[in-house]
Amino acid sequence: MPTSELTFRTALDADIPGLVELIESAYRGDASRAGWTTEADLLEGQRTDSEGVAAVVRDEAGRLLVAERDGELIACCQLEHRGDHAYFGMFAVRPALQGGGLGKLIIAEAERTVREIWDAREMRMTVIKQREELIAWYERRGYRRTGQLSPFPYGDERFGVPRRADLEFELLVKPLG
């Protein structure tokens, strides 16, 4: 892993094309297979688009946190204020940089950020329940499975084209000290 320092900031409109490319590269297609967070075996098609990323960037109830190293966009995550808790989503790390500890740093900064700016006491996220390896990674970071499931948006290709018929999201929760 490079030794230069990570910097964090809130995404701007000018970042949207780079963010779409980053998110797509981490989740879909052959490029995503370079990392371990790929959903390519579960979903085809797009993970997001410019309109979806722009909505997150411009959402007044949240922010899209970006991580850069040497001026290069290398990771991002969505943070949304939802009353007493924050929602964590759209987490992406460049595939070639995955597996080196960068994700741990990003999620720790996300948790610090939501405690500081919104006094959030809990972080919540939804993960496709079939992504056992990813859920285990979050569990090692202190998140717990709730067993609370929600349906995958079948038929809405903005979220991808499912390759199987049993996809569901599971809510993961972590208290923030």
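Throughout, residue positions are numbered sequentially from 1 according to the sequence presented.
- By the 4.5 Å side-chain criterion applied to Ile, Leu, Val, Met, Phe, Trp and Tyr, Val173 is assigned to a cluster that also includes Leu171.
- Side-chain atoms of Leu19 and Pro17, non-hydrogen and from C-beta on, never get closer than 4.5 Å to each other.
- In this structure, Arg141 satisfies the cation-pi test against Trp137, with its NZ or CZ atom closer than 6.0 Å to the six-membered ring centre and inside 45 degrees of the ring normal.
- When side chains are defined from C-beta on, Ile23 does not count as touching Phe91, because their heavy atoms never get closer than 4.5 Å.
- Between Tyr138 and Ile107 the shortest side-chain heavy-atom distance falls below 4.5 Å.
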Let's go through Gln130 and Arg164 carefully: what are the C-alpha distance in whole Å and the side-chain angles of both, what is the deciding distance for side chain to side chain contact (heavy atoms under 4.5 Å, CB included) to 0.1 Å, and is it a yes or a no?
CA-CA 11 Å; Gln130 288 80 2; Arg164 49 193 285 180; 3.5 Å; yes
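- Counting heavy atoms from C-beta on, the side chains of Ile106 and Cys77 come closer than 4.5 Å.
- Atom CG of Leu6 and atom CD of Glu109 lie 9.0 Å apart (nearest 0.5 Å).
- Look at Asp166 and Lys129 and you find no salt bridge, because none of the NZ, NE, NH1 or NH2 atoms lies under 4.0 Å from a carboxylate O.
- Here the straight-line distance linking atom CG of Leu79 with atom CG of Leu64 works out to 8.0 Å at 0.5 Å rounding.
- Using a cut-off of 4.0 Å between Lys/Arg side-chain N and Asp/Glu carboxylate O, Glu122 and Arg124 are scored as salt-bridged.
- Between Leu134 and Ile128, every side-chain heavy-atom pair lies at or beyond the 4.5 Å cut-off.
- When the options Met123, Arg121, Glu80 are evaluated for a side-chain contact (heavy atoms from CB on, under 4.5 Å) with Val114, the one that passes is Met123.
- No salt bridge links Glu170 with Arg131; every basic N to acidic carboxylate O contact stays at or beyond 4.0 Å.
- Leu12 and Phe8 are members of different hydrophobic clusters when ILVMFWY side chains are connected at heavy-atom separations under 4.5 Å.
- The two residues Ala165 and Tyr154 make their nearest non-hydrogen contact at C-OH, 3.1 Å.
- Not one N or O on the side chain of Asp70 forms a donor-acceptor pair closer than 3.5 Å with the backbone of Glu72.
- Between Arg9 and Glu68 a salt bridge is recorded (basic side-chain N to carboxylate O distance below 4.0 Å).
- Of all non-hydrogen atoms in Ala11 and Val66, the two that sit nearest each other are CB-CG1, 3.8 Å.
- Side-chain contact between Ile16 and Arg58 is present, with at least one heavy-atom pair separated by less than 4.5 Å.
- Residue pairs meeting the ring pair (Phe, Tyr, Trp, His ring centres under 6.0 Å) criterion with at least one member in residues 59-80, sequence neighbours excluded, do not occur.
- Closest approach of Thr10 to Arg63, counting heavy atoms only: OG1-NH1, 3.4 Å.
- Separating the CG atom in Leu176 from the NE2 atom in His85 is a distance of 11.0 Å, to the nearest 0.5 Å.
- One distance of note links CZ of Arg112 with CG of Leu65; it measures 9.0 Å at 0.5 Å rounding.
- Within 6.0 Å of CD in Glu139 there are more than 12 heavy atoms belonging to other residues, nucleotides or ligands.
- A heavy-atom distance below 4.5 Å is not found between the side chains of Thr126 and Leu172.
- Listed here is the closest heavy atom pair of Leu22 and Ser25: O-OG, 2.8 Å.
- Following chains of ILVMFWY side-chain contacts shorter than 4.5 Å, one cannot reach Leu149 starting from Tyr87, and the two form parts of different hydrophobic clusters.
- Side chains of Phe88 and Gln78 form no contact here, defined as non-hydrogen atoms less than 4.5 Å apart.
- For Pro151 against Phe169, the heavy-atom pair with the smallest separation is O-CD1, 3.7 Å.
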Before you tell me yes or no, could you show the steps for Arg94 and Arg69 under side chain to side chain contact (heavy atoms under 4.5 Å, CB included), namely the whole-Å CA-CA distance, both residues' side-chain angles and the distance that decides it to 0.1 Å?
CA-CA 12 Å; Arg94 288 224 177 272; Arg69 180 175 281 134; over 6 Å; no
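- Nearest approach of Val93 to Ala26, heavy atoms of both residues: O-CB, 3.7 Å.
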